[in-house]
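Working notes, structure below.
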Amino acid sequence: YSPDGRRLAWLAGRRENVGGDQPVVMVADADGSNARALTDWDRGPGGLSWRSDGRALYGTASDNGQQKLFEIDARTGSVAALTDQGAVSAYDEARGVLVWAQDGFTSPTQLWVRRGSGEARRLTDHNADAVARLDLPEPELFTFAGWNGEPVQGWVFKPAGFVEGRRYPAVHLIHGGPKSPWTDSWSYRWNPQVYTAAGYAVVMINFHGSPGFGQAFTDAINDHWGDRPLEDLQKGWQAATAANPWIDGGRACALGASYGGYMVNMIAGRWNEPWRCLVNHAGVFDVPQLMNAMDIGNFIWEFGGPSWERKELYDRHNPETYVSNWSKPMLVLHGSRDFRVPEEQGLATFSALQRLGIPSRYVHIPDENHWVLKARNWV
């Protein structure tokens with residue numbers, strides 16, 4: 001409800017059973033009458049709240065690799081970004097004072113404030129002493145022609161203590177979701193700075209399927225889990241290594257979790273040449289089995305329907321189909337309380353590696369779900 005109680009606002013999906021569908025902001029009278037779409041915006045927010053004067057709404061959404069805070073005019077539907085670089089994780093507003101929490105690749109969360117239409121200023125400097133002791137390389141944004149010749153975004157990070165003239169090993173980090181992009185954010189799970197601190201270059205790609213680049217870009221992964229994103233990852237890796245000769249492509253590892261782990265298994269069978277090793281956390285081995293066992297009942301629509309109706313499509317995008325080509329060492333990690341990608345998927349991956357005689361290790365995390373959330377477990 002609006003602050004004066006006269007109107008309703010809500011988010012509505014454009015299509016039924018389409019994952020990654022960017023929602024429409026709807027408004028109506030308080031009794032639900034006179035409902036209309038307020039926006040036709042392909043960066044649909046993940047949440048919604050009213051400004052205290054009732055003249056606008058707030059929401060956060062991915063946009064070109066950033067997680068921005070937006071203001072939406074409640075009358076015209078015009079949308080304005082209130083933040084630029086970084087990721088906004090929370091916000092609140094009262095009497096014209098807006099406060100939000102924001103982080104980035106080189107900074108953990110800080111609070112920011114803006115009064116009315118004035119300039120934003122940072123309120124906090126949490127962890128300043130700890131951050132001052134760290135070498136946090138700046139992300140280097142690049143764009144390349146990916147699947148279908150369309151522009152795709154990526155980042156490269158130099159290792160901490162980078163020395164001109166030296167060559168460095170590298171990691172290719174692959175995000176999950178699959179409709180959950182890399183954003184300029186500070187993660188306590190898959191933080192690229194953990195790898196830069198260990199002396200690695202880092203490459204990260206927002207392949208087709210990643211939100212924040214338009215609905216068509218997100219939709220491009222539907223029915224194409226294993227080919228279009230893989231093409232983007234291949235071309236992004238080639239672009240990153242060609243533009244940065246200090247990256248030693250002969251000493252490299254590909255790592256991912258969830259869909260990223262699925263893609264690691266696909267890479268093992270379809271693009272294993274560049275890699276010294278692979279790391280797969282909570283990844284997928286058998287897509288048909290996953291879709292019939294996971295905790296999201298309508299996730300089958302990523303493949304347009306159930307496995308028994310689209311068997312050829314499932315088989316084409318199933319890591320299990322390409323296991324005979326596996327050859328590179330792999331680290332497999334999985335939690336016993338994982339109902340998104342059940343533990344059997346990780347066990348099947350490890351069993352296949354062992355049967356093929358490929359060097360491999362299985363890390364069992366009995367008290368974690370799809371995400372490793374306990375700090376000691378993560379270390």
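Note: hydrogens, waters and symmetry copies are ignored here, and every other heavy atom, side chains too, is used.
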Query raised in the report: According to a 4.5 Å side-chain heavy-atom criterion applied to Ile, Leu, Val, Met, Phe, Trp and Tyr, with indirect links allowed, do W301 and M291 form part of one hydrophobic cluster?
Result: yes
Query raised in the report: Do L356 and M266 sit in the same hydrophobic cluster, where Ile, Leu, Val, Met, Phe, Trp and Tyr count as joined when their side-chain heavy atoms come under 4.5 Å apart?
Result: yes
Report task. Spell out, as yes or no, whether a donor-acceptor pair under 3.5 Å connects the side chain of Q345 to the backbone of D286. Result -> yes
Query - Y259 side chain to S180 side chain, donor-acceptor N/O pair below 3.5 angstrom - result: no
Query raised in the report: When rounded to the nearest 0.5 angstrom, what is the spacing between CG in L290 and CD in E302?
Result: 10.5 Å
Requested in this report: Could you label the plane-to-plane angle of the H208 and F217 rings as parallel, tilted or perpendicular, counting under 30° as parallel and over 60° as perpendicular?
Outcome: parallel
Query raised in the report: Do you see a donor-acceptor pair shorter than 3.5 Å between the side chains of N222 and K179?
Result: yes
Query raised in the report: Counting N and O atoms only, with roles assigned by atom type, does the side chain of Q193 sit under 3.5 Å from a partner on the main chain of P137, one being a donor and the other an acceptor?
Result: yes
Query raised in the report: Centres of the F207 and W147 rings: under 6.0 Å?
Result: no
Query raised in the report: Hey, does the side chain of W100 reach the backbone of L69 with a donor-acceptor pair shorter than 3.5 angstrom?
Result: no
Query raised in the report: Quick check: does any side chain N or O of D31 sit under 3.5 Å from a backbone N or O of S33, one acting as donor and the other as acceptor?
Result: yes
Query raised in the report: Hey, is K68 close enough to D184 for a salt bridge, meaning N to O under 4.0 Å?
Result: no
Query raised in the report: Of all residues at least two apart in sequence or in a different chain, which pass the side chain to side chain donor-acceptor pair (under 3.5 Å) check with H175?
Result: S210
Query raised in the report: Does any donor atom in the side chain of H370 or S258 lie under 3.5 Å from an acceptor atom in the other side chain?
Result: yes
Query - Ring centre gap for Y168 and Y200 strictly below 6.0 Å - result: no
Query raised in the report: For the side chain of D248 and the backbone of A170, is there at least one donor-acceptor N/O pair under 3.5 Å apart?
Result: no
Query raised in the report: Once you round to the nearest 0.5 Å, how far does CG of N377 lie from CD1 of I365?
Result: 6.5 Å
Report task. Report the distance from atom CZ of R270 to atom CG of L230, rounding to the nearest 0.5 Å. Result -> 6.0 Å
Query raised in the report: Does W182 share a hydrophobic cluster with V202, counting links as ILVMFWY side-chain heavy atoms below 4.5 Å and allowing steps through other members?
Result: yes
Query - Audit row: K235, D232, salt bridge (Lys or Arg N to Asp or Glu O under 4.0 Å) steps and yes/no - result: CA-CA 5 Å; K235 290 180 174 179; D232 288 345; over 6 Å; no
Query raised in the report: Hey, would you say the W237 and W275 ring centroids sit under 6.0 Å apart?
Result: yes
Query raised in the report: Side chains of Q67 and Q102: is there a donor and an acceptor less than 3.5 Å apart?
Result: no
Query - Transitive ILVMFWY side-chain link L173 to W186, under 4.5 Å - result: no
Requested in this report: Could you state whether V279 and L353 fall into the same hydrophobic cluster, counting links through intermediate Ile, Leu, Val, Met, Phe, Trp or Tyr residues with side-chain heavy atoms under 4.5 angstrom apart?
Outcome: no
Query - Ring center gap for Y362 and F350 short of 6.0 angstrom - result: yes
**Report entry** Atom of A268, atom of M330 and distance for their closest heavy-atom approach
**Finding:** CB-CE, 4.1 Å
Hey, can you pull the donor-acceptor pairs under 3.5 Å for the side chains in residues 70-78, sequence neighbours left out?
residue	atom	partner	partner atom	Å
E71	OE1	R51	NH1	3.4
E71	OE2	R51	NH1	3.1
E71	OE2	Y58	OH	3.4
D73	OD1	R75	N	2.8
D73	OD1	T76	N	2.9
D73	OD1	T76	OG1	3.4
T76	OG1	S78	N	3.2
T76	OG1	S78	OG	3.1

Report summary line: Applying side-chain contact (heavy atoms from CB on, under 4.5 Å) to A243 and not counting sequence neighbours gives none
Requested in this report: Kindly compute the distance separating NZ (K311) from CG (N318), expressed to the nearest 0.5 Å.
Outcome: 8.5 Å
Query raised in the report: Backbone N or O of R95 within a donor-acceptor pair of the S52 side chain at under 3.5 Å?
Result: yes
Query raised in the report: After noting the C-alpha distance and the side-chain angles of D223 and R316, does the key distance pass the salt bridge (Lys or Arg N to Asp or Glu O under 4.0 Å) rule?
Result: CA-CA 10 Å; D223 291 348; R316 190 179 346 132; over 6 Å; no
Query raised in the report: Is the closest side-chain donor-acceptor distance between N265 and N280 under 3.5 Å?
Result: yes
Requested in this report: Please report the shortest heavy-atom distance between R310 and G304, naming the atom on each side.
Outcome: NH1-CA, 3.4 Å
Requested in this report: Write down the atom of F144, the atom of A239, and the distance for their closest heavy-atom approach.
Outcome: CB-CB, 3.9 Å
Requested in this report: Look at the side chain of K328 and the backbone N and O of N272, then say whether any donor-acceptor pair between them is shorter than 3.5 Å.
Outcome: yes
Report task. Give the minimum heavy-atom separation between A30 and Y1, together with the two atoms involved. Result -> O-CE2, 3.9 Å
Query - Residue pair W155 / I205, side-chain heavy-atom distance below 4.5 Å - result: no
Query raised in the report: Nearest 0.5 Å, what's the CG-CG distance between D84 and D63?
Result: 9.0 Å
Requested in this report: Would you kindly say whether D103 and S107 are connected by a side-chain donor-acceptor distance under 3.5 Å?
Outcome: no
Query - D42: side chain to side chain donor-acceptor pair (under 3.5 Å) partners, not counting sequence neighbours - result: none
Report task. Report the residues that fulfil side chain to side chain donor-acceptor pair (under 3.5 Å) with D129, sequence neighbours left out, ordered by chain and then residue number. Result -> none
Query raised in the report: Where is the tightest heavy-atom contact between W326 and A352, given as atom of each residue plus distance?
Result: CZ3-CB, 4.1 Å
Query raised in the report: Would a line drawn from the ring center of F105 to the ring center of F157 be shorter than 6.0 Å?
Result: yes
Report summary line: The complete set of ring-ring contact (aromatic ring centres under 6.0 Å, His included) pairs with one or both residues in residues 303-322, sequence neighbours excluded, reads W225-F303, F303-Y314
Query raised in the report: If only atom types and distance count, is the side chain of Q215 paired as donor or acceptor with the main-chain N or O of Q22 below 3.5 Å?
Result: yes
Report task. Could you grab the distance from atom CZ of R189 to atom CH2 of W378, nearest 0.5 Å is fine? Result -> 6.5 Å
Query - D29 side chain to N34 side chain, donor-acceptor N/O pair below 3.5 angstrom - result: yes
Query raised in the report: Under 3.5 Å, side chain of E140 to main-chain N/O of V156, donor-acceptor pair present?
Result: no
Query raised in the report: How about S307 and N292: does a side-chain donor come under 3.5 Å of a side-chain acceptor?
Result: yes
Report task. For the pair R114 (side chain) and E119 (backbone), establish whether a donor and an acceptor sit closer than 3.5 Å, ignoring hydrogens and angles. Result -> no
